[in-house]
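Following: one structure in structure tokens, then a few remarks.
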Number of protein chains: 4
Amino acid sequence: MMEKKKLSRREMDKLRHRRQMLAAALDLFSLKGYHNVSMHEIAGKAEFAIGTLYKFFKNKEDLYKALIMEKADEYHRALSDVLSKENDTLAVIGDYIAAKAQIFANSVAALRLYFAETRGASFNIKAGLDQDIRKLYDEMVEQLVSTMKRGIDRKVLKEGDPYYMAVALEGLTNSFLFCWLEDPKHHSYEENVQMIKEMFLNGCLAK
Amino acid sequence: MMEKKKLSRREMDKLRHRRQMLAAALDLFSLKGYHNVSMHEIAGKAEFAIGTLYKFFKNKEDLYKALIMEKADEYHRALSDVLSKENDTLAVIGDYIAAKAQIFANSVAALRLYFAETRGASFNIKAGLDQDIRKLYDEMVEQLVSTMKRGIDRKVLKEGDPYYMAVALEGLTNSFLFCWLEDPKHHSYEENVQMIKEMFLNGCLAK
Amino acid sequence: MMEKKKLSRREMDKLRHRRQMLAAALDLFSLKGYHNVSMHEIAGKAEFAIGTLYKFFKNKEDLYKALIMEKADEYHRALSDVLSKENDTLAVIGDYIAAKAQIFANSVAALRLYFAETRGASFNIKAGLDQDIRKLYDEMVEQLVSTMKRGIDRKVLKEGDPYYMAVALEGLTNSFLFCWLEDPKHHSYEENVQMIKEMFLNGCLAK
Amino acid sequence: MMEKKKLSRREMDKLRHRRQMLAAALDLFSLKGYHNVSMHEIAGKAEFAIGTLYKFFKNKEDLYKALIMEKADEYHRALSDVLSKENDTLAVIGDYIAAKAQIFANSVAALRLYFAETRGASFNIKAGLDQDIRKLYDEMVEQLVSTMKRGIDRKVLKEGDPYYMAVALEGLTNSFLFCWLEDPKHHSYEENVQMIKEMFLNGCLAK
DNA sequence: GATGAATGAGTATTCATTCAT
DNA sequence: CATGAATGAATACTCATTCAT
């Protein structure tokens, strides 16, 4: 039980200011890329002085890392929540796809940063970040693998390497959702979600 | 008939020098990212003076663009060659996966740049590039869709949207090959290629 | 009524710093010429960091332009003040020559830049400046012509084209004052001023 | 007696090439200023390779100096020729003005360089040049002073300091001719020449 | 905490000059 | 002499970061 009420107005303000700064940074970073955004620009957009920005984040990298980790946490928590439900396998997989689609639809900005980091395309803001994000990602994959394993045990999914199944699901969701993001009018959201499920289950469902 | 022989030693040297510069740039960019590499660094690694570098590429962006386009061309040509063969559908798909795997195995460095660009993660080296690369990518997808269509017509693949099938194949190959790249010892190359094919065909083969 | 008092210490400092930078730039530019002075040199002489210089002037050209315009303004204002006095014509002309002599004596440095610009010898810091300075110059000449016209009307100066008289006065002052500047010990200031007046009036006085 | 005929074709070519290079340089320098013209640009305009340019002039400064001195020589020789004629004073002065006007009309390009150098506005291409040009200029002034002196002796010009008269004539010619150059349609060439003579003689003619 | 002026290391780019062919 | 590829010192300008108020 956390003591939420204990935050004074001062502390509330601080948190709000921090959020405003991160929001400004997210907008700019996702739009122009890490190196094409200056601290002054972020401070300006957040309507704070440059010195104030540095009171909250000790340097640019720190700000970036805080931002990425915050978003990665949200992302992984959302998926993790779904994967840890004790539902039947097919429901879990369906929910997973839907949850991921939700995230893609709602946080395009953050996604660009996330994929820049995880896809090795990261215009590496030095090391360190990789490790932390990687860990989150690996945990999530682990859960996905468990889900697959459970599905196989329960004879819902066919025999096979559950790791490969997880990889396949990842590939299909990313691919379909990216395509949809780039050209949202072409195919409906529901259709895409449906297709992912179908493609995956065609390949992995037990007969 | 192209007159290849007509290149004087001078011109041969120039081409070689250009290649050396691009090679140095590729190494550095893929390792540290566009903004974390200086022109001096590239010149140094290529063992040329900074001025010489600028004789070949009018500025940093131009060098980057030349590099990306050269690699993207190679990549797409390789896949395009496979897809335009008049073989039977399954062979083409198998060859496509194998060719893509080859590329992943051989040009990790270039791939990082390529995905940075196509995955929207591009830490935008200004505009212009997007368009050109995008076009190459779209053409390739178009060919892939045609292949699928032909497979459906010939009753090799089951009824369905050939575009979705192409997206699925893209997703599966990228996902499996990325995983394999990150952890090559864990699963063999052949096993991965095999898995991709299986997963895809399970979902798309006509019964 | 202007509110001069409203400047905070912060703002006062800023203005002083700006003046210091411009002073350093004037010294160096007039001594060595625009292209032979680096921004670092100016910053160094003004005892500021290079970045600070760029906070005040967005680039080298901008700094140069600010400098030239400031000096040209001073120069033209001084002459304009004299010419707009409602004195009798001969007094105005005498004052004009004296004022111009004062300026030559006091601001050799600025003069070199000014003549570089107005004499077409400008080693053109791109366009734009020409126009602004030209306008100031033309206005001043216009006033000079009016003075001549008035002198003619009042029968103080002889009949003739007042524009030509203005040109003649300009020529005589520049020529004498330049000579004097280059070799100040040879002939006294007063003697030169006297000679200019004499030469001019010999040519233009009504009999 | 110089041996002019002895120039072989080789040597003739060399001279022609040199002239072509200097002509290209004059065009560019007077148009864009010393520092805004590159040696490559000059070589390009003269249609020679950069190395060839350096065969003729050991560096950029040397080329500039050669150019300026050549033009200054022409300029001073033209005036000197007039001033050394044993005509009567008024004729000499008239010829001098006419000759100077001719030069202004014919070689605007060179003039800009010349005045940049002599007016102290010179964006000083290092030292050295000043001295040589200065000497030419002083010699010419000396001749002008002699002419004035002779005029006074012959009672054509009134009593007074011949040096000041020379300065006055210089001032009037420069001023009128500059104005005319800048706005040639406004007043005719003849009118200007006439005005200079009038103004000067009004001030200096013996009564 | 908040401010924003000042700092200066770092980087892209230019261009005079050389020299092997 | 002619060529033009190669050189690298020099310079304008940016931006993360600090600190006195």
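A, B, ... follow the sequence lines: proteins, then strands. Residue 1 opens every chain. Quantities reported herein were computed from a predicted structural model and do not represent experimental measurements.
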query = So with a 6.0 Å cut-off around CZ of A:Arg16, is the heavy-atom count from everything else above 12?
reply =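 Check passes, neighbour count above 12.
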request  = Decide, yes or no, whether a salt bridge links B:Lys14 with B:Glu11 under the criterion of side-chain N to carboxylate O below 4.0 Å.
outcome  =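 Here B:Lys14 does not pair with B:Glu11 in a salt bridge, since their nearest N and O are not under 4.0 Å apart.
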request  = State whether B:Arg19 and B:Glu70 are salt-bridged, where the test is any N-O pair (Lys NZ or Arg NE/NH1/NH2 against Asp/Glu carboxylate O) under 4.0 Å.
outcome  =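 Salt bridge flag = no for B:Glu70 with B:Arg19.
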query = Could you give the angle between the helix axes at the two ends of the helix from E:dA2-F:dT21 to E:dT21-F:dA2, with five pairs per end, rounded to 10 degrees?
reply =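 Its terminal axes enclose an angle near 0°.
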ask   = So which heavy atom on B:Lys60 is nearest to which on B:Phe29, and how close?
value =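 Looking at all heavy atoms of both residues, the shortest contact is CE-CE2, 4.2 Å.
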message = Could you report the tightest heavy-atom contact between D:Ala72 and D:Ile133, atom names first, then the distance?
response =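 The pair with the smallest heavy-atom distance is CB-CD1, 4.1 Å.
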request  = Please round to the nearest 0.5 Å and tell me the distance separating atom CG of B:Leu67 and atom CG of B:Asp62.
outcome  =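 One gets 11.0 Å once the value is rounded to the nearest 0.5 Å.
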inquiry  = If you define the side chain from C-beta out and look only at heavy atoms, does anything of C:His35 sit under 4.5 Å from D:Tyr34?
reply    =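 No - every pair of side-chain heavy atoms lies 4.5 Å or more apart.
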Heavy-atom side-chain proximity of A:Thr52 to A:Met21 below 4.5 angstrom =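 Yes, side chains in contact.
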For atom [atom1] of [X] and atom [atom2] of [N], their distance in whole Å:
| X | N | atom1 | atom2 | result |
| --- | --- | --- | --- | --- |
| C:Phe48 | E:dA9 | CZ | C1' | 20 Å |
| C:Leu53 | F:dC15 | CG | P | 17 Å |
| A:Asp62 | F:dA16 | CG | P | 14 Å |
| B:Ile42 | E:dT11 | CD1 | P | 12 Å |
| D:His17 | F:dT3 | NE2 | C1' | 14 Å |
| C:Glu11 | E:dG4 | CD | P | 12 Å |
| C:Gln20 | E:dA6 | CD | C1' | 13 Å |
| A:Phe56 | F:dA16 | CZ | C1' | 19 Å |

Contacts under 3.5 angstrom, residues 37-51 of chain B side chains, donor-acceptor by atom type, not counting sequence neighbours:
| residue | atom | partner | partner atom | Å |
| --- | --- | --- | --- | --- |
| B:Ser38 | OG | B:His40 | N | 3.4 |
| B:Ser38 | OG | B:Glu41 | N | 3.1 |
| B:Glu41 | OE1 | B:Ser38 | N | 3.3 |
| B:Glu41 | OE2 | B:Lys32 | NZ | 2.4 |

inquiry  = Base contacts versus sugar-phosphate-only contacts with protein, heavy atoms under 4.0 Å: please encode nucleotides 12-18 of chain E as B, S and - from 5' to 3'.
reply    = SBBBSBB
